[in-house]
Amino acid sequence: MTTLAPPQIRAPKKQSNRRQQTLWTIGLCAFFLAAVIFSTWVIGDAGLNPVLTQRNQSPSLAHPFGTDWLGRDMLTRSLHGMSLSLRVGLLAATASAAIAALLGLAAGTLGGWVDAVICWIIDVCFSLPHLVLLILIAFAVGGGTRGVIIAVALTHWPSLARVVRAEVLQVNSSDYVQLSHRLGRSPAWVARHHMVPHVVPQLLVGLILLFPHAILHEAALSFIGIGISPHLPAIGIILAESMRHLSTGYWWLGVMPGLLLLLSVKAFDWLGENLRALLDPRTSQG
Amino acid sequence: MLSVSNLSVTFSQYEKGLRRKQLTVITDLDLEVQAGEVVAVVGASGSGKSLLAHAILGILPENAAVGGTMLFHGQPLTPERCQQLRGKAIALVPQSVGYLDPLMRVGQQVQRVAQLNGLSKPAARTAVKQTFQRYDLPPQADRCYPFQVSGGMARRVLVSTAVVSQADLVIADEPTPGLHPDVVTETLNHLRELAQEGRGVILITHDIGAALLVADRVAVFYAGTTAEIASAQDFASGNLRHPYTQALWRSLPQNDFVPVPGTQPSPEALPVGCLFSDRCPWVTEACLPERPALRAVRRGLVRCIHADR
Amino acid sequence: MLTGEGLWFRYAPQLPWVIQAQTLAVEPGEVVGLMAPSGFGKTTLAKLLAGYLAPTKGRVSVDSQPLPRRRYCPVQLVFQNPELAVNPRWRIDQILREGHPPQMHQLDALGIHSGWLTRYPHELSGGELQRIAIARTLNSQTRYLIADEMTAMLDANTQALIWQAVLDYTRAHQIGVLVVSHDWPLVRRLCDRILDLAADQDHCTLVSGVAE
């Protein structure tokens, strides 16, 4: 062979700093969601009052989301609705994650009949159609905001509980946990130092990925009228109302709040995925 | 058939926070494989043995950059060509039965490899049957799932996948650790047979004793470089060139069992000069300023300036 | 003395016996080799002796005392795969401190660099990680060490280095070692006495030419 410059087999990939990207995504998503939640305190209730002279205006600079058939500013209404939905979703998802952690840990560590019973409950919850269960529970506890929170909290834990249980079982049967016992560590110490570092990231990511479900289902319940009461500007109610006006050409009544909902849900999704990548010492190197 | 020269692999990794560092794990790796020979690649863990295999197969992770040249049948191995050849002209005999699909009968898996290599379904069936017969696998093994076959049988199934692929180059990555000596010998003999059919075989192992049982030539890797390429007879005849190879040979329990102290330098703190200089009994001033080049000494290749003595 | 008397083991009453009527003993300071073909339950026997599994019949004792269930076990087992024996989310120094922290000169003797201590297990090679796993067990509380194919994954030089450091320590501290391995030359080189499970009775072959 001659002394030609050796061709690069694989050029070093031009890639930007991926960890920086990950942190930026996390920061932006968190900022956006916080902005939506706290926006209601900044913009106040002024836009919620009817101004009959400005009815049915399409999106403009003064009203980026347009106005509805009573002349109410759709941006204000959507933000109020989204903020309420996010807070309801946050509460419901947190409650759901707590249930999942408790049952998952119990099933994984206690084993035996406890595990059998919890697995059976998980299977039962999975076998019932999600929305039907939601409606039944929301109806049974009397509907309203309280009903939505309870229904969402009680229906969203099974998949996360299963993940937690699997994680606990895997860690428990690993050589290093067995070894930790032989090194004279107590079960409580093992749980604190071996189990928690594995389960907490799973739980955190699981919790964040639960939000979008919780919010969508909250919106769904409100949309069909057994969720949050109709005079509150929940996102589901705004969407339900807009249905009547879509056919008359007032597209912004449905599209704009819908986009906001989509963006919020997606923001949570990105947040969860990026957090997962960052928390695992293996993928955090990529 | 395969010629690797000046191969380098660099990973970009994150330190604390956002700073990124470049970690060159393989520097100046050379290896040549001819048709019909078994070349053993031996070295400590972390010496770059497995990364070489991954580089040839084109399955390095995303954050790796590869430099140098790899020629296969005279043509450079580009990522596209790697992908094209992987499993066809270049086959891997993996470490354990864990690499088989647990939900698929082993006969079917071997047959699929044959079909992917362009055999028609009936031809593939016959090929599988012949291969299983050749390796003394009972006819019913064909219908077993991976968990139903014993350790020794699993090895033979894994070798079968390489046989039916008609690959020119077979890479066996650590096929023997923790196995009973009889199974080790059997597996190695199968690799020998593959070479006798005119294929090139790369046997990657940390077990120098196993390597010497079947290899024609042995490439000794140290800290991501080729320290020496010697023929297998050189070991027993005491014709070894590099002090590290000699140390490896001496440290075998059946020989002196005397190791050289110290550890392989980590990729983050490679010495400027010869990579073995901090442990070498022959080290002189001349070893320190730059890395010695790979050169021919007594019909072998060695990366040491004192190898002639 | 570490003794296993009349050890029988099976995972469940309906499953076949994995270990049948095994009796063996290791004296303090003695290095005993344990050899058997695959499928003879060598690893299971090692786990019984180190208290990872409880024998179905028979008993394991150290100086006539049963193994403690809660406290530090005087019999420590070193696995073949160090990757599985350390928590992937822990840093190395945390792993080393899990038992009784080893002394600095122990780490030096095993060739453990101080730079490794701040890393994660996946950033070390198998040989480096195995040194960590061994260092974790070499402390004043360990009376017996069971090495289950401890160096089967390592190159010859690292294997010799590790065994040298381990045997120096165990000789100095009168620790009994049970070497479980397929590698006949290695076992012959290391051990004062070799047990062959494949033979009918546990005949003890005395082997001369032990490494210093």
Side-chain angles (χ1 to χ4, degrees), chain A residues 18-19 22 101 104-105 108-113 115-116 163-164 166-206 274-286, chain C residues 43 46-54 60 62 67-92 94-102 118-124 129-130 132-139 141-142 144-146 148:
Chain A
R18 219 199 66 195
R19 186 177 285 184
T22 307
L105 280 171
T109 46
L110 300 176
W113 65 269
D115 186 30
V163 170
V164 171
E167 190 72 27
V168 168
L169 281 181
Q170 199 200 336
V171 175
N172 238 344
S173 66
S174 66
D175 282 349
Y176 59 83
V177 165
Q178 307 268 314
L179 195 120
S180 194
H181 288 296
R182 308 318 310 154
L183 291 175
R185 295 303 184 175
S186 65
W189 194 94
V190 171
R192 163 74 189 77
H193 290 89
H194 283 294
M195 217 61 87
V196 168
H198 274 90
V199 171
V200 161
Q202 292 277 6
L203 208 58
L204 196 65
V205 172
N274 282 289
L275 213 53
R276 191 210 309 265
L278 196 67
L279 284 174
D280 191 332
R282 254 170 252 271
T283 51
S284 72
Q285 289 298 327
Chain C
T43 296
K47 285 192 165 175
L48 288 177
L49 289 172
Y52 283 73
L53 297 169
V60 177
V62 171
L67 297 178
R69 293 236 56 82
R70 289 276 157 131
R71 283 175 300 112
Y72 189 92
C73 183
V75 186
Q76 287 294 328
L77 178 63
V78 179
F79 294 90
Q80 178 178 354
N81 281 325
E83 287 88 355
L84 305 177
V86 296
N87 189 329
R89 286 178 185 271
W90 283 18
R91 289 185 191 272
I92 299 298
Q94 202 182 354
I95 293 169
L96 280 173
R97 282 188 278 103
E98 188 172 9
H100 293 263
T118 52
R119 299 204 216 156
Y120 284 106
H122 71 267
E123 294 171 319
L124 294 186
L129 216 48
Q130 190 64 293
I132 302 292
I134 293 167
R136 178 168 54 178
T137 63
L138 296 186
N139 59 62
Q141 299 295 306
T142 304
Y144 296 91
L145 192 68
I146 301 179
D148 185 8

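Chain identifiers are assigned alphabetically (A, B, ...) following the order of the sequence lines, protein sequences preceding nucleic acid strands; residue numbering begins at 1 within each chain.
If you measure heavy-atom distances from A:Ser180 to chain C, the contacts under 4.5 Å come from both the backbone and the side chain. When heavy atoms are compared at a cutoff of 4.5 Å, C:Ala50 approaches chain A solely by way of its backbone atoms N, CA, C and O. In this structure, no portion of C:Ile95 lies under 4.5 Å from any heavy atom of chain A. Looking at C:Arg71, the atoms closer than 4.5 Å to chain A (heavy atoms on both sides) all sit in the backbone: N, CA, C or O.
In plain terms, the two heavy atoms of A:Asp175 and C:Leu84 that are nearest each other are CB-O, 3.3 Å. The two residues C:Val86 and A:Tyr176 make their nearest non-hydrogen contact at O-CD2, 3.2 Å. Scanning both residues, C:Arg89 and A:Pro197, for their nearest heavy atoms gives CD-O, 3.4 Å.
With values rounded to the nearest 0.5 angstrom, A:Leu183 atom CG is found 6.0 Å from C:Arg136 atom CZ.
A heavy-atom distance below 4.5 Å is found between the side chains of C:Pro88 and A:His198. Side-chain contact between C:Trp90 and A:His194: present, with at least one pair of heavy atoms (C-beta onward) separated by less than 4.5 Å.
Side chain of C:Gln76 to main chain of A:Arg182: a donor-acceptor pair is present (N/O by atom type, distance under 3.5 Å, no hydrogens or angles). Between the A:Arg185 side chain and the C:Glu98 main chain, a donor and an acceptor come within less than 3.5 Å of each other.
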